[in-house]
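In what follows, every chain begins at residue 1, and chains take the letters A, B, ... in the order their sequences are listed.
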Amino acid sequence: MRLRFAPSPTGALHIGGARTALYNWLLARGGGGELLLRIEDTDRERSTPENVEQIFDALRWLGLDWDGDPVFQSRRAPRHAEVLARLLDSGRAYHSNATAQDVRAFKDRHGSDKGFRGEPEPGGAVRLHAGEGEPLRVADVIRGETVFAREHMDDPVIARADGSVLYNFAVAVDDLDAGITHVVRGEDHLSNTPKQLLVFEALGAQAPVYAHLPLLHGPDGKKLSKRHGAASVQELRDAGYLPEAVRNYLALLGWGHGDDTKLSTDELQRLFRLEDVSRNPARFDEQKLRWLNGLYVRELSPRELAARLEEFTGRANLLEAARISQEKIQTLADFWPLSGFLFDGPRDDPQARERVLERNGAHDVLAQAREALAAAEGFDPDAVEAALRAVVEARGVKPKDVFQPVRVAIAGTTVSPGIFESVATLGRAETLRRIDAVLGP
RNA sequence: GCCCCCAUGGUGUAACGGUUAGCACGCGAGCCUUUCACGCUCGAAGCGGGAGUUCGACUCUCCCUGGGGGUACCA
């Protein structure tokens, strides 16, 4: 099995493209196949080095590798010209000056379901004869056979008047030269496939097996875009998702294995089959990604989580904070808002202070908790718990009547990791300092 | 307009002619509980519509409707 992922570098790698890359990669890595990366950069304006770098970057972060050096389609221009000349010589292609208007005029005369047929002329763009007779059949692993009648097709333009070739021609030639056996790509290419089939046919070559993946949509069913939140791989990374969780989630958009939801990358490689890919378009549901990401976050060792958090936040020494935050965060981005107070001081949440600290008795409770913590023997979570529970006991109040004031005193808000762990992580001196700051002189 | 693809709860999917239509996210209720989470229990929610085929259709066929893609001397 020889596969390829062929993005055009027109911007960030979208999650749809990421899923296409993932499926190709799963197939190659799961079945001893090969995966080529081809950059389709023949659109001179949109293909910038920065955009190419973004693609590499996204694939690297996702953990998807490829075999050999990436192929840049633009550098294959000489080869394309050579094949084009061959087609012209053999009469399978011809020069034509017909414009889009001419094509429309042709359809006005012959019916809008009649494909345009041109006359060979001395110059102009190059068109391929679509011919007549047997229809073109796209053998698609996912959707079965799709038939395209030649009569419906216009003779496709395969090269501009200046000799530069067009996408559908370049793709077919490149896939052929690379010995690609399976083309796995988005469904938006299905309608283009007959044009590519025409190229294979004109070259007397056999076409690869195709698999057109259902498209990915935003939550509203429309095309995925920035306003749907994280729509590109880099945005996913910035939003604090783990690459392994993203791989898992993306694999599930359009594919599944029984009732399984959480599937490791190893399992995905083993279980993924093109035949099981769904035919319906799927919507990107960030809530489910968040949930799944939370599963992966909780599965990490505290050391590993700390390492990821350190890279994500750019801060150091997060091990203890990571440990006590682990079951409360779903993404790496959730960490700092929850536990940043351990490092940067209490957060400023006037509402929390008002509701918790300015209640009757709160100061007395806090003063008593302070004394208990000051006198505690040791300062690990157990010692802290013993000290604070003693205060609860002594005052005959509910646990939260003691814990919440302490929490707001040290964190500035009503939400934090477990109070005993938080206090212990903060340390005795800092805890007392923060409580004193609330109690005032 | 023309060509093509698709159609199970809000979302992702399972069922491959006979099931009380399963699972997961999300949502609601409850339990747990120091906040928030996690976890557990329970619950609401679905086969787009119409004709066929068949003893029997979510499953097969056709039509309609709805969504999507293509229709460039873009990729």
Side-chain angles (χ1 to χ4, degrees), chain A residues 6-10 40-47 73 96-100 103-104 107-108 111-115 124-127 138 140 142-143 146-149 152-154 156-168 170-171 186-195 212 214-215 217 219 221-223 249 252-262 278-292 294-295 298 325-330 334 338 352 356 385 388-389 392 398-404 406-408 411 413-420 422:
Chain A
S8 55
T10 54
E40 313 223 306
D41 57 347
T42 50
D43 184 332
R44 303 87 148 188
E45 288 104 66
R46 290 188 294 174
S47 305
Q73 195 161 54
S96 163
N97 280 304
T99 63
V103 172
R104 235 173 289 132
K107 287 174 188 292
D108 285 342
S112 47
D113 61 341
K114 288 287 179 291
V126 179
R127 286 185 187 266
V138 180
D140 190 296
I142 296 169
R143 21 197 117 231
T146 303
V147 179
F148 293 87
H152 292 155
M153 294 177 64
D154 298 329
V157 176
I158 56 176
R160 303 180 180 92
D162 67 5
S164 60
V165 301
L166 260 29
Y167 171 76
N168 285 116
V171 167
E187 197 207 289
D188 48 337
H189 290 285
L190 181 58
S191 302
N192 286 145
T193 307
K195 295 182 193 170
H212 288 97
L215 263 19
H217 292 159
K222 299 286 184 235
K223 215 175 157 116
Y249 177 69
L252 257 22
L253 284 180
W255 174 84
H257 183 262
D259 286 345
D260 297 336
T261 300
K262 187 163 176 303
S278 157
R279 282 181 297 276
N280 356 345
R283 298 182 193 213
F284 176 66
D285 178 10
E286 194 166 350
Q287 286 195 109
K288 189 156 186 174
L289 206 212
R290 280 189 69 84
W291 167 80
L292 195 56
L295 249 41
R298 270 169 259 132
S325 307
Q326 187 159 24
E327 69 168 20
K328 297 174 188 299
I329 61 174
Q330 288 187 306
D334 290 343
L338 177 74
V356 177
E385 175 165 10
L388 292 180
R389 287 209 187 274
V392 171
K398 289 180 182 162
K400 70 172 177 185
D401 293 330
V402 173
F403 301 159
Q404 278 304 76
V406 173
R407 189 188 310 279
V408 174
T413 70
T414 55
V415 177
S416 81
I419 189 64
F420 314 129
S422 294

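Counting only N and O atoms by type, the side chains of A:Q287 and A:R290 include no donor and acceptor under 3.5 Å apart.
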Checklist entry - Can you give one letter per nucleotide of nucleotides 68-75 of chain B, 5' to 3': B if a protein heavy atom sits under 4.0 Å from the base, S if only from the sugar-phosphate, - if neither? => result BBSS-BBB

Item to check | Contact state string [nucleotides 30-35 of chain B, B base, S sugar-phosphate only, - no protein heavy atom under 4.0 Å] | outcome: ----BB

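Not counting sequence neighbours, the partners of A:S278 by the side-chain hydrogen bond (donor to acceptor under 3.5 Å, both in side chains) test are A:N280.
A gap of 13 Å separates the C1' atoms of B:G70 and B:A75, to the nearest Å. Taking the P atom of each, B:G26 and B:U20 are spaced 30 Å apart, rounded to whole Å. B:U59 and B:G22 are spaced 15 Å apart, taking the C1' atom of each and rounding to whole Å. Comparing the C1' positions of B:A57 and B:A51 gives an interatomic distance of 14 Å, to the nearest angstrom.
Residue A:R298 places at least one side-chain N or O under 4.0 Å from the OP1 or OP2 atom of B:G39.
Here the P atom of nucleotide B:C23 and the CG atom of A:D259 are 8 Å apart, to the nearest Å.
B:C2 is paired with B:G70 under the Watson-Crick or G-U wobble criterion, all donor-acceptor distances under 3.5 Å. Pair check for B:U41 finds B:A29; Watson-Crick or G-U wobble, both atom distances under 3.5 Å.
Between A:D154 and A:R127 there is no salt bridge, since no side-chain N of the basic residue sits under 4.0 Å from a carboxylate O of the acidic one.
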